[in-house]
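Accompanying notes for the structure given below.
Residues take their numbers from the sequence shown, with the count starting at 1. For clarity, every value in this text was computed on a predicted model and none was experimentally measured.
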Amino acid sequence: IEQPTFPKITEMCVKMIRRVNDEEGIKKLVNETFQKLWFTPTPHHDKEAMTRKILNITDVVAACRDTGYDWFEQLLQNLLKSEEDASYKPVKKACTQLVDNLVEHILKYEESLSDSDNKGVNSGRLVACITTLFLFSKIRPQLMVKHAMTMQPYLTTKCSTQNDFMVICNVAKILELVVPLMEHPSETFLATIEEDLMKLIIKYGMTVVQHCVSCLGAVVNKVTQNYKFVWACFNRYYGALSKLKSQHQEDPNSTILTANKPALLRSLFTVGALCRHFDFDQEDFKGNSKVNIKDKVLELLMYFTKHSDEEVQTKAIIGLGFAFIQHPSLMFEQEVKTLYNSILSDKNCSVNLKIQVLKNLQTYLQEEDTRMQQADRDWKKVAKQEDLKEMGDISSGMSSSIMQLYLKQVLEAFFHTQSSVRHFALNVIALTLNQGLIHPVQCVPYLIAMGTDPEPSMRNKADQQLVEIDKKYAGFIHMKAVAGMKMSYQVQQAINTCPKDPVRGFRHDESSSALCSHLYSMIRGNRQHRRAFLISLLNLFDDTAKTEVNMLLYIADNLACFPYQTQEEPLFIMHHIDITLSVSGSNLLQSFKESMVKDKKKERKPSSDEETESDSNSGSGSESEEEASKPRRLRKRVDSDSDSDEENDINAVMKCLPENSAPLIEFANVSQGILLLLMLKQHLKNLCGFSDSKIQKYSPSESAKVYDKAINRKTGVHFHPKQTLDFLRSDMANSKITEEVKRSIVKQYLDVSCFAENL
């Protein structure tokens with residue numbers, strides 16, 4: 001048996017081929033490279049060259065086992081499509097050679113499996129060869145027609161390893177595609193396939209059952225019409241379920257269900273799988289019976305979704321998902337809507353059940369997409385004069401109505417703590433958008449939120465959806481940008497593993513990039529949209545907006561770390577920070593001063609003698625209070641020691657604090673927005689190296705070209721608003737008002753005063 005190709009060559013091929021869907025230039029280069037490498041006909045006498053080619057292809061397929069094979073399908077489709085109208089078809093000829101030689105290699109590997117020394121290696125190569133044949137079959141099943149009878153015996157493989165199961169599943173998938181294309185296959189061959197598949201369905205687990213039932217569906221529905229054979233199998237499992245249901249209804253505490261749990265789980269799954277591929281309400285199955293099979297199956301499966309055992313519930317939901325593919329209208333049933341929506345929206349519901357409901361919706365949409373694509377291909381072949389759009393609209397109308405029922409709950413699943421739930425929710429939304437089943441604007445803020453997910457694959461997928469929406473609907477992203485930022489904060493809250501730590505708005509890696517940097521990069525190109533977006537974010541810091549402090553920190557983090565390119569961008573932010581602070585900052589300080597003075601005067605009503613004394617000293621008293629409330633740097637210092645000055649300042653203000661603590665807490669909360677803006681301005685100034693004069697001279701009405709120069713970012717400049725972080729970590733807003741808390745708030749007041757002085 002041949003030695004494997006060099007790992008480095010395989011690795012290079014894997015890296016190149018994954019870029020088959022890049023921009024046109026790279027796509028063309030990838031297609032040309034692999035056409036020369038793999039899909040150019042090999043001279044018949046050059047067996048060595050063909051062997052190298054086979055080994056290289058199967059090595060690459062084996063290396064991509066965990067990441068999927070979309071690249072291979074796309075590459076093969078691109079190359080075959082490029083020569084559709086050509087008289088000479090080298091790619092087609094090369095594919096025929098490859099398929100024929102892959103089959104030869106499979107036979108060689110099978111013979112060598114008796115050699116115990118190489119059994120593991122050759123078993124892996126056998127799987128890689130059969131997987132590659134399946135990939136060819138998906139794109140050009142005609143290539144495998146003459147080899148179908150060679151593949152059939154592999155259905156009887158004795159399963160002892162994972163590779164053995166993969167052989168059976170891939171062979172079943174190949175025969176599913178190929179057998180319907182065979183001209184006059186022998187009855188013995190077809191009967192053998194049916195019997196082999198049925199034995200596998202009865203004997204093995206979910207994955208094997210799923211692929212074998214699917215293959216049986218293609219063979220029976222399209223070739224043999226052996227409906228009685230399938231009907232008998234269905235009744236076997238349906239009858240078992242009905243019996244177990246009756247026994248459980250009679251005595252819910254009976255141990256019968258527990259004792260028969262493996263049979264129950266298999267029956268739930270198999271009944272659903274059979275309903276996916278066969279319509280048992282056809283006369284071919286049930287004869288003249290008036291019983292509605294799909295309703296009976298729905299009733300039976302729904303019963304077990306209410307079972308106390310989660311594993312039973314999960315299998316029942318899997319069965320329902322299969323049945324809905326054959327009968328999508330069942331998803332409009334009230335009990336189904338209640339089941340799906342309650343599982344998705346209930347925060348205490350099992351993660352496994354949530355994932356299974358999302359998987360059901362995902363599988364339905366994938367199947368519907370495949371069905372519509374096949375219908376389009378079939379109609380183009382036989383009836384070009386028909387209105388294909390109308391045909392598609394009927395099917396997509398059903399899908400659209402179904403997705404409208406469950407859309408809100410699927411979108412809300414983006415805020416789940418478990419990444420697996422978010423993953424499947426995103427898959428469902430991506431499929432829904434790609435098929436045009438809903439208006440995309442309602443998904444934009446959720447996709448912006450998912451663009452901040454810690455898992456690169458998920459945020460890349462969400463970002464790609466936003467790019468596609470932006471191409472088709474200009475302005476939608478900008479319209480929902482602020483809502484998306486707020487939702488992204490909710491996502492970060494959900495995935496924050498330590499609730500005591502404040503949610504931050506930048507990535508905790510070397511880049512320290514803003515979590516919403518992709519959103520900003522999409523908006524920044526349009527000056528009007530960019531400015532409106534930045535102003536909307538800065539308006540959230542206004543005390544009238546009543547934005548929670550941690551969200552303000554999150555937004556400040558993003559503003560501090562956005563990928564600014566020109567000087568105009570940070571200067572515009574700093575300009576509007578000054579405007580906000582000149583109003584909100586002054587009002588905040590003034591209201592704090594007034595609360596101190598007023599409350600102090602109202603503490604008790606003075607006597608007439610005290611009033612006289614008070615009148616004579618009124619000037620000095622008010623001066624004292626006013627002096628205490630001034631920013632420390634505006635007051636005359638006797639002692640040059642700054643620590644001593646600060647302590648004196650704090651003590652002076654402490655004497656004027658009111659007994660009522662409400663104004664203190666209110667100030668502590670509201671002042672965080674002011675402090676964050678002050679810190680943000682200082683950060684941007686340090687980051688970009690702006691002088692005070694440059695900041696003061698900036699005018700937003702100036703021509704864009706004036707400030708169009710690139711930013712020279714300084715390295716090692718980080719945004720660290722210590723006061724706000726301390727405020728959140730100490731949970732000051734809900735703390736008991738102790739002397740220490742009061743001192744902390746007073747220090748905060750003096751910090752705001754000090755910063756305001758330096759504006």
Yes or no on side-chain hydrogen bond (donor to acceptor under 3.5 Å, both in side chains) for S399 and Q435, after CA distance, side-chain angles and deciding distance? CA-CA 9 Å; S399 306; Q435 292 177 36; 4.9 Å; no

Show your working on side-chain contact (heavy atoms from CB on, under 4.5 Å) between D279 and F285 and close with a plain yes or no. CA-CA 8 Å; D279 184 357; F285 288 105; 5.5 Å; no

Take C443 and I438 through the side-chain contact (heavy atoms from CB on, under 4.5 Å) test and state the conclusion after the steps. CA-CA 9 Å; C443 296; I438 56 169; 3.3 Å; yes

Derivation and outcome, side-chain contact (heavy atoms from CB on, under 4.5 Å), residues V271 and F322: CA-CA 9 Å; V271 164; F322 287 151; over 6 Å; no

Worked verdict on S246 versus E250 for side-chain hydrogen bond (donor to acceptor under 3.5 Å, both in side chains): CA-CA 6 Å; S246 299; E250 287 172 14; 5.8 Å; no

Chi angles and distances behind the side-chain contact (heavy atoms from CB on, under 4.5 Å) call for C275, F280: CA-CA 7 Å; C275 286; F280 292 108; 4.1 Å; yes

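Contact detail for M198 and F229: the closest heavy-atom pair is CE-CE2, 3.4 Å. The heavy-atom pair separating L320 from M302 by the smallest distance is CD1-SD, 3.7 Å. Taking both residues in full, the closest heavy atoms of L264 and L241 are given as CD1-CD2, 3.5 Å, listed atom of the first, atom of the second, then distance. Heavy atoms only, all atoms of each residue included: D346 and K354 are closest at O-NZ, 2.7 Å.
Taking the centre of each ring, F476 and H439 come in below the 6.0 Å mark. Ring pair F136/F72: centre-to-centre distance below 6.0 Å. Separation of the H416 and F414 ring centroids does not fall under the 6.0 Å cut-off.
With E468 as the fixed residue, the side chain to side chain donor-acceptor pair (under 3.5 Å) test singles out one of Q464, Q465, K472: Q464. Results of the side-chain contact (heavy atoms from CB on, under 4.5 Å) test with V428 over V357, L411, N360, L365 single out L365 as the only residue that passes. Under the side-chain contact (heavy atoms from CB on, under 4.5 Å) test applied with L519, the options I477, L447, T452 reduce to a single match, I477.
The aromatic rings of Y554 and Y489 sit tilted, their planes meeting at an angle between 30° and 60°. Between Y446 and F415, the ring planes lie tilted relative to each other; the angle falls in the 30° to 60° range. Ring planes of H307 and H248: tilted class, angle from 30 to 60°.
Looking at R371 and E368, a side-chain N of the basic residue comes within less than 4.0 Å of a carboxylate O on the acidic one, giving a salt bridge. Contact check on E311 versus K261 returns a salt bridge, with a Lys/Arg side-chain nitrogen under 4.0 Å from an Asp/Glu carboxylate oxygen. Comment: E299 engages K245 in a salt bridge, judged by a side-chain N to carboxylate O separation of less than 4.0 angstrom.
Panel note: side chain S517, backbone A514; a donor-acceptor pair is recorded below 3.5 Å. Using modelled atom types, no side-chain atom of N496 and backbone atom of Q492 make a donor-acceptor pair closer than 3.5 Å. With hydrogens and angles ignored, the 3.5 Å screen pairs no side-chain donor or acceptor of K337 with any backbone N or O of L405. Side-chain atoms of Q313 come within 3.5 Å of backbone atoms of T305 as a donor-acceptor pair (strictly under, hydrogens ignored). Side-chain N or O atoms of S214 include none that pairs as donor or acceptor with a backbone N or O of H211 at under 3.5 Å. The closest donor-acceptor contact from the side chain of S400 to the backbone of L437 lies under 3.5 Å. A donor-acceptor distance shorter than 3.5 angstrom exists from the side chain of T161 to the backbone of D164, with no hydrogens or angles considered.
Neither side chain, N341 nor S345, offers a donor N or O lying under 3.5 Å from an acceptor on the other. Judged purely by distance below 3.5 Å, without hydrogens or angles, the side chains of S350 and E310 pair a donor atom with an acceptor atom.
The structure places CG of L175 at 10.5 Å from CG of L190, a figure rounded to the nearest 0.5 Å. Distance check: C233 SG to Y238 OH gives 15.0 Å after rounding to the nearest 0.5 Å. Distance check, rounded to the nearest 0.5 Å: CG of D59 to SG of C64 gives 11.0 Å. Atoms CG and CD, on N260 and Q247 in that order, are 7.0 Å from each other to the nearest 0.5 Å.
When side chains are defined from C-beta on, L257 does not count as touching V312, because their heavy atoms never get closer than 4.5 Å. No side-chain heavy atom of R459 sits under 4.5 Å from any side-chain heavy atom of H518. Side-chain atoms of L133 and V171, non-hydrogen and from C-beta on, never get closer than 4.5 Å to each other. When side chains are defined from C-beta on, I429 counts as touching L433, because their heavy atoms get closer than 4.5 Å. Taking 4.5 Å as the limit, every side-chain heavy atom of V291 sits out of range of all side-chain heavy atoms of D281.
Summarising the local packing, CD of Q249 is surrounded by more than 12 heavy atoms from other residues, nucleotides or ligands at distances under 6.0 Å. Residue K306 places its NZ atom among more than 12 non-hydrogen atoms of other residues, nucleotides or ligands, all under 6.0 Å distant.
Partners of N235 under the side-chain contact (heavy atoms from CB on, under 4.5 Å) rule, at least two apart in sequence or in another chain, are W231. In this view, T363 satisfies the side chain to side chain donor-acceptor pair (under 3.5 Å) rule with no residue, not counting sequence neighbours.
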